[in-house]
Number of protein chains: 2
Amino acid sequence: MKPFHSYRNPALAIDLVVFGYNAKELSVLLLKRNEEPFKGGWTLPGAFIQMDERFSDTCSRILRTKLGMDKLYLEQLYSFDDPARDPRGRAISVAYYALVNPHKLETAASTMAGDVEWVDCRKMPQLGFDHKQIFKTALQRLRSKILYFPVGFELLDEQFTMTELHELYECILDTSLDRRNFRRKILDSEYILPTGMKREGLQNRAPELYVFNKKLKRNNFQLNIPLSKGQ
Amino acid sequence: MKPFHSYRNPALAIDLVVFGYNAKELSVLLLKRNEEPFKGGWTLPGAFIQMDERFSDTCSRILRTKLGMDKLYLEQLYSFDDPARDPRGRAISVAYYALVNPHKLETAASTMAGDVEWVDCRKMPQLGFDHKQIFKTALQRLRSKILYFPVGFELLDEQFTMTELHELYECILDTSLDRRNFRRKILDSEYILPTGMKREGLQNRAPELYVFNKKLKRNNFQLNIPLSKGQ
DNA sequence: TTAGTTTGCGTCAGATTAACGCAAACAAAT
DNA sequence: ATTTGTTTGCGTTAATCTGACGCAAACTAA
């Protein structure tokens, strides 16, 4: 058995859609390019896969370079193959998306690269390559996944209030959800557990803090969150 | 802007999980290899991606070669990156799965390659490369997708009875489903439409034939099929 | 002190689910 | 031809779930 001979293979890249949530705003990490192609424009952060790297290694490399942190929730999204997606030549992109709580990055804020920026999901500029499509696919995936899997707790602090979780869902789904029904569904689901604690510095009836239930591995759960139509 | 220089890139392959359904049996198209690696063993059909091909082109090429037919339901599954997945060297696999009604192939039966065979999903042999993992991922995807999307009609004839559809679901999900509740759910969903016709050669009260409702494009529907616990 | 907001808990009519009954139309066995 | 079992279509029902929204205690802002 002989190894592959020198096929000409398409270049193979990883592109990342890194979601961050802060102050009722879902944003994505964009890269301001300072070289061709798309010099001066925005793209998603990405890198070519090295021969000895696994996808997750390449992801880590990108995240470390641009965010100074690489242990994030990471999920493979889709592989993109438009022959014209990169003007430099044939390149396949394996896209991943990641979830970060930008708050947790603040300690390492100085390590965030100068050429990246958080951009509000609702105000996406034009993106180079086929990155607009990748972004749209990622947002779609996040929106549908959050309905049946406790993704998104990755976007909040370790402890959070019901209101914070509610706002996160409204923000990601870009719709309004009935507060009381949401509360009931989430608590019934046992996705989260009450800690019995309240945030420091607040008085008696401050909102209760919850944590994600790490023991829970239910897979086929359906939140089925109602839209708030009236009010 | 210069084109890519000669990076050494991993080889890039497409592997296919082709599902076929016949006589209450869900099967997958396997390839009997007659060269190394895994000579004499089973693998999924696959091929390397040519520089000018899109994924779907490579899929078509494989399907035409092995089945003599290439217009099937096709969906990208996942991309696999284990550095050890191919003993010949680094190779990435972009896996797709396809659905065929083997009945529709019969006319072109002679064109089916001699080195492939339909194998019952429940009796999968050892597979070369990481193809067992790819197969498992595909089956999982099919099982979850069938619950919220009218995939699977691709596996039946143009017209089919409620019983045939019911059996297909039981077979794919590998469980028993209450016939009467299944019927109600499916009819309420409007995934299928009654034709008012009965299969030829049968008498008055032969089972009614249905067709897939092609106008239906509902996306967030939940079949929520109950398991039949008693009886 | 008053007026609004946030948070937690509750109510309730209507829809949905899961389990299963029943009979007409057929098929197979005697 | 009659009996017996199976297939197919259509119902029923109790328990549960959904979605809309009321209410008051604890807080905040004016």
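So that the names make sense, note that chain A is the first sequence line, chain B the second, and so on, each numbered from 1.
- One atom, CZ of A:Phe182, and another, P of C:dC9, lie 16 Å apart when rounded to the nearest Å.
- Distance from the side chain of A:Arg180 is smallest for D:dC21 among the nucleotides D:dC21, D:dG9, C:dC20.
- Side-chain proximity of A:Pro207 to the nucleotides C:dG21, D:dA20, C:dT7 is greatest for C:dT7.
- As rounded to whole Å, 15 Å separates atom C1' of C:dG8 from atom CG of A:Leu209.
- Per the geometry, CG belonging to A:Asp188 stands 13 Å off P belonging to D:dT16, to the nearest Å.
- With DNA chain C read from its 5' end, the first of the two nearest nucleotides for A:Arg184 and A:Tyr210 is the one closest to A:Tyr210.
- Rounded to whole Å, the distance from NE2 on A:His166 to C1' on C:dG8 is 14 Å.
- You'll find that the side chain of B:Lys185 is closest to C:dT17, out of C:dT17, C:dG8, D:dT18.
- To the nearest angstrom, P of D:dT8 lies 14 Å from CG of B:Leu187.
- Using a distance-only test at 3.5 Å, with no hydrogens or angles considered, a donor-acceptor pair links the side chain of B:Lys132 to the main chain of B:Pro125.
- For the pair B:Arg179 CZ and C:dG21 P, the computed distance is 12 Å after rounding to whole Å.
- Looking at A:Ser93 and A:Asp15, their side chains do bring a donor and an acceptor atom within 3.5 Å of each other.
- B:Tyr78 places none of its side-chain heavy atoms less than 4.5 Å from the side chain of A:Ser79.
- Across all strands shown, B:Thr163 has heavy atoms under 4.0 Å from sugar-phosphate atoms exclusively, and none from any base.
- Of all nucleotides listed (D:dT18, D:dG9, C:dA19), C:dA19 comes nearest to the side chain of B:Asn181.
- Checked against B:Val116 for a side chain to side chain contact (heavy atoms under 4.5 Å, CB included), the options B:Leu67, B:Leu31, B:Thr65, B:Val18 give a single hit: B:Leu31.
- Between B:Tyr97 and B:Leu16, the closest side-chain pair of non-hydrogen atoms is not below 4.5 Å.
- C:dT6 atom P lies 15 Å from atom CZ of A:Arg199, rounded to whole Å.
- Computed from coordinates, the B:Glu208 CD to C:dC26 C1' distance equals 17 Å when rounded to whole Å.
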